[in-house]
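Heads up, the thing below is written out as structure tokens.
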Amino acid sequence: MNEDLQVNSSRPPPENVTAALSPLSPVRDSEPELVVNPWDIVLCTSGTLISCENAIVVLIIFHNPSLRAPMFLLIGSLALADLLAGVGLIVNFIFAYLLQSEASKLVTVGLIVASFCASICSLLAITVDRYLSLYYALTYNSERTVTFTYVMLVFLWGGSMCVGLLPIMGWNCLEDESTCSVIRPLTKNNAAALSVSFLLMFALMLQLYIQICKIVMRHAHQIALQHHFLATSHYVTTRKGVSTLAIILGTFAACWMPFTLYSLIADYTYPSIYTYATLLPATYNSIINPVIYAFRNQEIQKALWLICCGCVPSSVAQRVRSPSDV
């Protein structure tokens, strides 16, 4: 990509080839002509789409006073994190080709790392909130839940900002190229720590969603018995809930797992094409998040319809939440 997230290749490229070099950094020849890496254009385009999509979610939640429940605060946190990640990708592209300096490199890398960390942590926080809302259904809507949500947000963003500041505070490979990871200027140890943290969070999310699935199945069975529903209805509801959880976890893993595993085994000597090929799907997760967590929500759908056309379709207004809506 650009110089902010530079990926190093195993051997020096020919002097007449610059486009195939590091995913996050264009290389200037002795000639004044500037060659733009197509991969960087794709990443910048992805960042633009991420920014526009998540900006809509942030504006809806910010301007709608009724969307202040813990669930919406966490969805807003996720959208804000993804929005900043998109802005980071755009700024990273601009600085790499217009303002090439060590300071800009560290700042943009810090912004992108902090934003993606906040995004993943927000996903974990949403999972925890969904689990608590089902496990403690009777006491979930209380002041303690709101306080707990704010505490999660403080630690979430505080920790993400600290991680983003590490390259700026000196934990980088600018002075020792041999310690660089697949993403320059992050060190190999830094990238490995982030990858291991992701795997631990994914394992925790998987365990929580398994418990959520069990609770959803139990609730659906109880409702079916109380209303004398047929076994087929119970099966359909349960299958829908399991499918929803599978889509959520499957999408998250498909987007982030390739880059996570690659960061663990690779270093700066690996061809940059592999870094681009694994990093790009990770950015797609920030494009998909609003669709899964925001635009599927009934209240956000109502607010969006009111903003767009000043009315709410009856199909949206009369929709009843079912046990499978997890």
Side-chain angles (χ1 to χ4, degrees), residues 1-7 23-25 39-62 74-96 104-126 153 156-168 181-186 190-191 194-195 197-198 201-202 251-260 262-263 275-276 278-295:
M1 262 186 329
N2 49 48
E3 188 171 334
D4 297 325
L5 300 177
Q6 180 177 3
V7 181
L24 299 173
S25 161
W39 284 99
D40 291 333
I41 298 177
V42 175
L43 284 172
C44 184
T45 303
S46 177
T48 303
L49 181 58
I50 290 171
S51 300
C52 295
E53 192 178 14
N54 285 279
I56 295 175
V57 179
V58 172
L59 290 175
I60 289 175
I61 295 177
F62 179 78
L74 295 175
I75 292 177
S77 172
L78 174 63
L80 178 61
D82 288 334
L83 170 61
L84 293 176
V87 172
L89 291 174
I90 298 173
V91 172
N92 180 63
F93 178 85
I94 296 174
F95 280 4
S104 64
K105 180 190 308 180
L106 293 174
V107 170
T108 53
V109 168
L111 173 61
I112 293 175
V113 170
S115 300
F116 279 126
C117 284
S119 176
I120 295 174
C121 290
S122 294
L123 290 174
L124 177 60
I126 290 174
L153 290 174
L156 181 162
W157 282 96
S160 299
M161 290 175 62
C162 290
V163 173
L165 286 174
L166 289 178
I168 301 176
S181 66
V182 293
I183 296 296
R184 188 177 184 271
L186 295 182
N190 194 342
L194 292 174
S195 298
S197 299
F198 167 83
M201 286 191 288
F202 178 76
T251 301
F252 181 59
C255 290
W256 276 105
M257 199 63 71
F259 181 71
T260 300
Y262 180 71
S263 298
T275 302
Y276 279 120
T278 55
L279 180 60
L280 189 59
T283 65
Y284 291 160
N285 185 242
S286 296
I287 299 176
I288 299 172
N289 282 338
V291 178
I292 295 179
Y293 295 95
F295 297 139

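Note that these values count all heavy atoms, side chains included, but never hydrogens, waters or copies made by symmetry.
Judged by distance alone, with hydrogens and angles left aside, the side-chain atoms of S51 form a donor-acceptor pair with the main-chain N or O of G47 at under 3.5 Å. A donor-acceptor distance shorter than 3.5 angstrom exists from the side chain of S181 to the backbone of L186, with no hydrogens or angles considered. Remark: side-chain polar atoms of N54 are paired, donor with acceptor, to backbone N or O of S286 under 3.5 angstrom. Under a 3.5 Å cut-off, the side chain of S46 and the backbone N or O of V42 do not form any donor-acceptor pair.
With sequence neighbours left out, the side-chain contact (heavy atoms from CB on, under 4.5 Å) criterion links I126 to L74, I75, L78, R130, Y293. By the side chain to side chain donor-acceptor pair (under 3.5 Å) test, S77 is found to be paired with S122, W157, residues two or more places apart in sequence or in another chain being considered. Checked against side-chain contact (heavy atoms from CB on, under 4.5 Å), L49 has the following partners two or more places apart in sequence or in another chain: I287.
I120 CD1 to W256 CH2: the interatomic distance, rounded to the nearest 0.5 Å, is 4.5 Å. F116 CZ to L84 CG: the interatomic distance, rounded to the nearest 0.5 Å, is 10.5 Å. Rounded to the nearest 0.5 angstrom, I61 CD1 and I56 CD1 are separated by 12.0 Å.
Residues L123 and M201 fail the side-chain proximity criterion, which asks for heavy atoms closer than 4.5 Å. Side chains of T251 and Y284 form no contact here, defined as non-hydrogen atoms less than 4.5 Å apart. A heavy-atom distance below 4.5 Å is found between the side chains of I183 and L279. Proximity of V91 to I94: side-chain heavy atoms (C-beta onward) are nowhere separated by under 4.5 Å.
In summary, of the residues considered (N289, N285, T283), a side-chain hydrogen bond (donor to acceptor under 3.5 Å, both in side chains) with D82 occurs for N289 alone.
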